[in-house]
Undergrad: 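Just dropping this structure here.
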Amino acid sequence: MAQAKTTILSPRLDAVLARRLLGQMALIRRFEEKAAEMYALGKIGGFLHLYIGQEAVAVGATSTLRPDDYAVSSYREHGHCLAKGSDPRRVMAELFGRRDGLSKGKGGSMHLFDKSVNFLGGHGIVGAHLPLAAGAGFAINYQGGDQVVLCFFGDGAVHEGEFHEAMNLVALWKLPVIYICENNRYAMGTAIHRALAQTEIWRFAETYGIHGEAVDGMDVLAVRECVGRVVERARRDKTPALIEARTYRFRGHSMRDPAGAVYRTREEVEREKQRDPIALLTARGLKDGVLSEADVRAIEQNVADAVDEAVAFAEASPEPPASFLFTDVYKD
Amino acid sequence: MGKLNMVKALNLALLQEMERDDGVVIIGEDVGVDGGVFRVTEDLHRQFGGTRVIDSPLAEAAIIGTAVGMALYGLKPICEIQFSGFAFQCFHQIENHAARYRARSQGRFHCQMVLRMPYGGGVRALEHHTESEEQFYAHIPGLKMVIPSGPRTARALLASAIRDPDPVIFFESKALYHAAKEEVPDEIETMPIGRARIDREGRDLTLIAYGAMLRVAREAAEVLREEDGVEVEVIDLLTVSPLDRETISASVQKTGRAVVVHEASRNFGPGAEIAASIMEGAFLSLEAPVRRVTAYDVPFVGFAREWVHIPDAARVVSAARDTLAY
């Protein structure tokens with residue numbers, strides 16, 4: 001068990017890794033900013049929960065995976081889906097409710113699934129996907145595989161019974177599942193200390209006798225180091241873990257409360273933005289001499305182009321025909 | 001008297017019932033400081049404090065289970081579940097405990113509690129956030145299932161639900177929250193639970209609807225009057241269970257034709273029960289089979305095709321014409 005780690009303990013950063021991690025985080029950031037714009041224009045329906053501020057968790061954690069490993073997430077899942085390798089064009093098309101979206105335009109923001117990258121989906125019910133991760137872990141063991149499952153969720157899911165049921169199962173049955181709690185300190189509008197008797201979420205692991213650890217979720221290298229260790233151990237020994245990534249969402253819970261000013265102060269939000277994970281990695285890369293200003297500009301340009309292309313692709317994709325209502329209910 | 005939308009009207013009912021009875025408490029996710037996901041409980045936390053307007057953890061089973069315990073002791077909890085799609089997390093507490101306590105304890109304990117949930121589509125929402133699931137609750141003995149159709153009925157029925165000695169599932173249409181304003185009297189108003197309302201009188205056909213579908217039925221009735229010269233009677237059910245069979249039967253005895261409209265999917269839905277009730281209560285008056293206009297039997301649809309799924313006036317008009325031509 002360990003407390004939050006600092007950047008001092010982070011692994012060495014080389015140019016290839018720096019560009020890769022920064023590129024993925026910048027892609028998610030730009031994608032989400034654009035999604036907010038498209039929502040405001042009425043192009044995206046339903047609800048939209050942005051991942052802005054939390055990019056280091058999805059990117060740092062998934063950077064330790066093999067392509068055949070699994071990831072499963074909550075309703076704030078655009079970042080995990082992109083980090084796992086999904087095509088931004090198809091993610092955006094899904095948000096638009098278009099036919100070429102990852103879920104044929106029938107799912108929308110909270111319901112991204114991508115079998116091609118072993119992304120087991122976003123889930124709209126808080127905490128409900130945690131047992132699914134345990135089941136995937138069980139199946140891996142049953143079939144003698146050595147993959148692992150990363151399961152992402154927020155601090156709100158820890159309130160739910162299914163969190164505790166799932167923790168018990170993976171501990172009892174020794175399943176290769178890494179639960180990554182992205183503690184952004186608010187369950188929608190309720191602050192963590194008003195909803196959890198134990199706010200050190202990693203400590204719940206002690207109860208179940210599994211490895212628990214807190215990590216600085218704004219430091220992509222710290223997340224990568226921490227998750228990398230538990231992933232390798234899970235692969236080798238079938239041991240689960242609970243990682244608490246301490247992070248912060250810079251936007252509201254959804255587009256309903258974009259300023260987020262009712263339940264937290266503007267000063268707090270501005271203070272947390274000083275630890276923007278993208279700015280932190282950029283500064284570290286420049287300081288270590290593994291990134292140049294030109295590299296950073298090139299990455300920004302690349303992701304801007306990729307996201308523009310995703311929007312163009314989504315715009316061009318047709319709406320699903322009415323007959324799609326009746327598909328995929330049973331096997332045809 | 002003021003013109004209020006449904007959110008404000010519900011808020012008024014909560015405020016007045018809490019002022020009237022200090023045994024009334026509100027519990028739910030983000031109902032307090034934040035004012036609720038749809039702002040129905042706005043400002044109540046400020047007025048009544050955190051012990052009467054209780055921000056709960058995200059723990060639906062615990063919210064309902066705790067409320068059952070509160071009710072057994074004599075409090076009158078009003079629970080908010082953020083979306084009806086989240087209620088399966090607490091369904092067992094509703095079905096196994098809230099609905100059954102009176103029966104299980106042979107009348108020695110009962111649960112005076114209300115479960116408020118936003119339901120239904122029409123606001124371009126997504127899976128788990130758009131479904132109409134009243135059939136699950138209407139099916140359970142021991143529960144009452146209420147669905148108002150506008151600000152004034154919402155306010156009056158919520159007040160009645162809070163005072164009802166048995167558990168009431170109270171569905172609020174998201175599409176109606178901000179749809180229209182109505183005159184709502186300042187003084188407390190209640191309406192009997194279990195009683196339907198004739199929204200519009202007619203002699204040729206009975207349209208039975210509730211919640212957000214009342215608007216659709218009204219619109220269809222107007223089209224049928226203008227284009228077909230048909231006088232449609234529209235029944236606003238208001239309570240799905242217990243069903244007001246008398247009002248429905250009396251109307252169909254007069255018109256001989258009935259179409260039921262609901263947003264829930266069709267199979268084993270409220271329309272089937274209503275049709276059976278008409279068979280029992282107005283069989284000899286029937287000139288045509290009872291028709292149902294409902295959402296389809298699919299798990300959910302994306303927002304892009306929501307209005308193919310949810311009944312609209314055109315579908316109701318078409319079903320009515322088939323019934324009239326039978």
Side-chain angles (χ1 to χ4, degrees), chain A residues 42 44-48 75 94 96-99 101 103-111 122-128 154-163 186-192 194-197 253-254 256-257 262-264 318-330, chain B residues 28-39 41-43 45-46 50 54-63 65 81-90 92-93 121-131 174 265 295-310:
Chain A
I44 294 174
F47 303 99
L48 190 67
Y75 53 86
E94 189 56 42
F96 273 55
R98 300 299 174 90
R99 192 168 171 164
S103 304
K104 299 183 185 173
K106 288 169 73 177
S109 166
M110 294 183 270
H111 311 286
H123 293 81
I125 306 285
V126 174
D155 48 293
V158 179
H159 315 175
E160 295 279 3
E162 279 164 302
F163 168 85
Y186 294 91
M188 202 173 102
T190 298
I192 185 167
R194 300 183 63 237
L196 276 177
H253 165 75
S254 67
R256 161 189 164 276
D257 61 330
V262 180
Y263 53 87
R264 58 184 191 182
E319 292 199 328
S323 61
F324 266 36
L325 243 65
F326 305 101
T327 60
D328 298 314
V329 178
Y330 298 102
Chain B
E29 295 160 6
D30 280 310
V31 295
V33 172
D34 192 61
V37 65
F38 289 101
R39 319 224 66 77
T41 55
E42 190 149 44
D43 280 337
H45 183 269
R46 197 168 47 76
I54 304 159
D55 273 324
S56 75
L58 306 189
E60 293 76 16
I63 292 169
I81 299 295
Q82 291 192 329
F83 290 86
S84 65
F86 301 175
F88 298 101
Q89 304 281 80
C90 55
H92 93 93
Q93 288 290 354
V123 295
R124 303 183 83 221
L126 305 173
E127 188 190 1
H128 309 311
H129 299 70
T130 55
E131 295 84 352
K174 292 187 286 292
S265 53
Y296 298 107
D297 290 313
V298 299
F300 65 93
V301 289
F303 63 87
R305 281 288 172 263
E306 190 172 36
W307 282 105
V308 178
H309 187 57
I310 299 172

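For the numbers below, each heavy atom of this structure counts, side chains included, while hydrogens, waters and symmetry mates do not. Because the structure is a prediction, the values reported are computed rather than measured.
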Undergrad: Heavy atoms only, distances under 4.5 angstrom: which of A:S103, A:P321, A:G127, A:G161 has the most pairs with chain B? Name it, please.
TA: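 Top option by heavy-atom pairs under 4.5 Å: A:P321.
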
Undergrad: For B:Q82 and B:E60, test the side chains for any donor-to-acceptor distance below 3.5 angstrom and give the result as yes or no.
TA: no

Undergrad: Any salt bridge linking A:E319 with B:R305? Criterion: basic side-chain nitrogen under 4.0 Å from a carboxylate oxygen.
TA: yes

Undergrad: What part of B:E306 lies closer than 4.5 angstrom to a heavy atom of chain A: side chain, backbone, both or neither?
TA: neither

Undergrad: Can you classify the ring geometry of B:F83 versus A:F47 as parallel (below 30°), tilted (30 to 60°) or perpendicular (above 60°)?
TA: perpendicular

Undergrad: Go through the atoms of B:F88 and report whether side chain, backbone, both or neither lie under 4.5 Å from a heavy atom of chain A.
TA: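 Neither part, no heavy atoms under 4.5 Å.
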
Undergrad: Count the heavy-atom pairs under 4.5 Å between each of A:R194, A:E160, A:R98 and chain B, then report the option with the highest count.
TA: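 Most heavy-atom pairs under 4.5 Å with chain B: A:E160.
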
Undergrad: I need the B:L58 CG to B:D30 CG distance, nearest 0.5 Å.
TA: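 Rounded to the nearest 0.5 Å, the CG-CG separation comes out at 7.5 Å.
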
Undergrad: Is B:H128 in contact with chain A via its backbone, its side chain, both, or neither, using a 4.5 Å heavy-atom distance?
TA: side chain

Undergrad: Give, as side chain, backbone, both or neither, the part of A:L196 having an atom under 4.5 angstrom from any heavy atom of chain B.
TA: neither

Undergrad: Identify, with sequence neighbours excluded, every residue that meets side chain to side chain contact (heavy atoms under 4.5 Å, CB included) alongside B:F303.
TA: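 Checked B:F303 against side chain to side chain contact (heavy atoms under 4.5 Å, CB included); matches are B:R124, B:L126.
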
Undergrad: With respect to chain A, which residue among B:D55, B:V37, B:V123, B:V308 yields the maximal number of heavy-atom pairs within a distance under 4.5 Å?
TA: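 Among the listed options, the one with the most contacts to chain A is B:V37.
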
Undergrad: Heavy-atom pairs under 4.5 Å with chain B are the metric here; pick the option from A:A191, A:A322, A:A157, A:A128 that has the most.
TA: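 Most heavy-atom pairs within the cutoff with chain B belong to A:A322.
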
Undergrad: Counting heavy-atom pairs under 4.5 Å to chain A, which of B:D34, B:V33, B:V298 comes out on top?
TA: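 When all of B:D34, B:V33, B:V298 are compared, B:D34 has the most.
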
Undergrad: Between A:F96 and chain B, which part of the residue has a heavy atom less than 4.5 Å away: side chain, backbone, both or neither?
TA: backbone

Undergrad: For residues 104-111 of chain A, tabulate all N or O donor-acceptor pairs below 3.5 Å that involve a side-chain atom, not counting sequence neighbours.
TA:
| residue | atom | partner | partner atom | Å |
| --- | --- | --- | --- | --- |
| A:K104 | NZ | A:D328 | OD2 | 2.7 |
| A:K106 | NZ | A:F324 | O | 2.8 |
| A:K106 | NZ | A:T327 | O | 3.0 |
| A:K106 | NZ | A:T327 | OG1 | 3.4 |
| A:S109 | OG | A:H78 | NE2 | 2.8 |
| A:H111 | ND1 | B:E127 | OE1 | 3.1 |
| A:H111 | NE2 | B:E127 | O | 3.4 |

Undergrad: Quick one: OH on A:Y186 to CZ on A:R264, what's the gap to the nearest 0.5 Å?
TA: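 The distance works out to 6.5 Å.
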
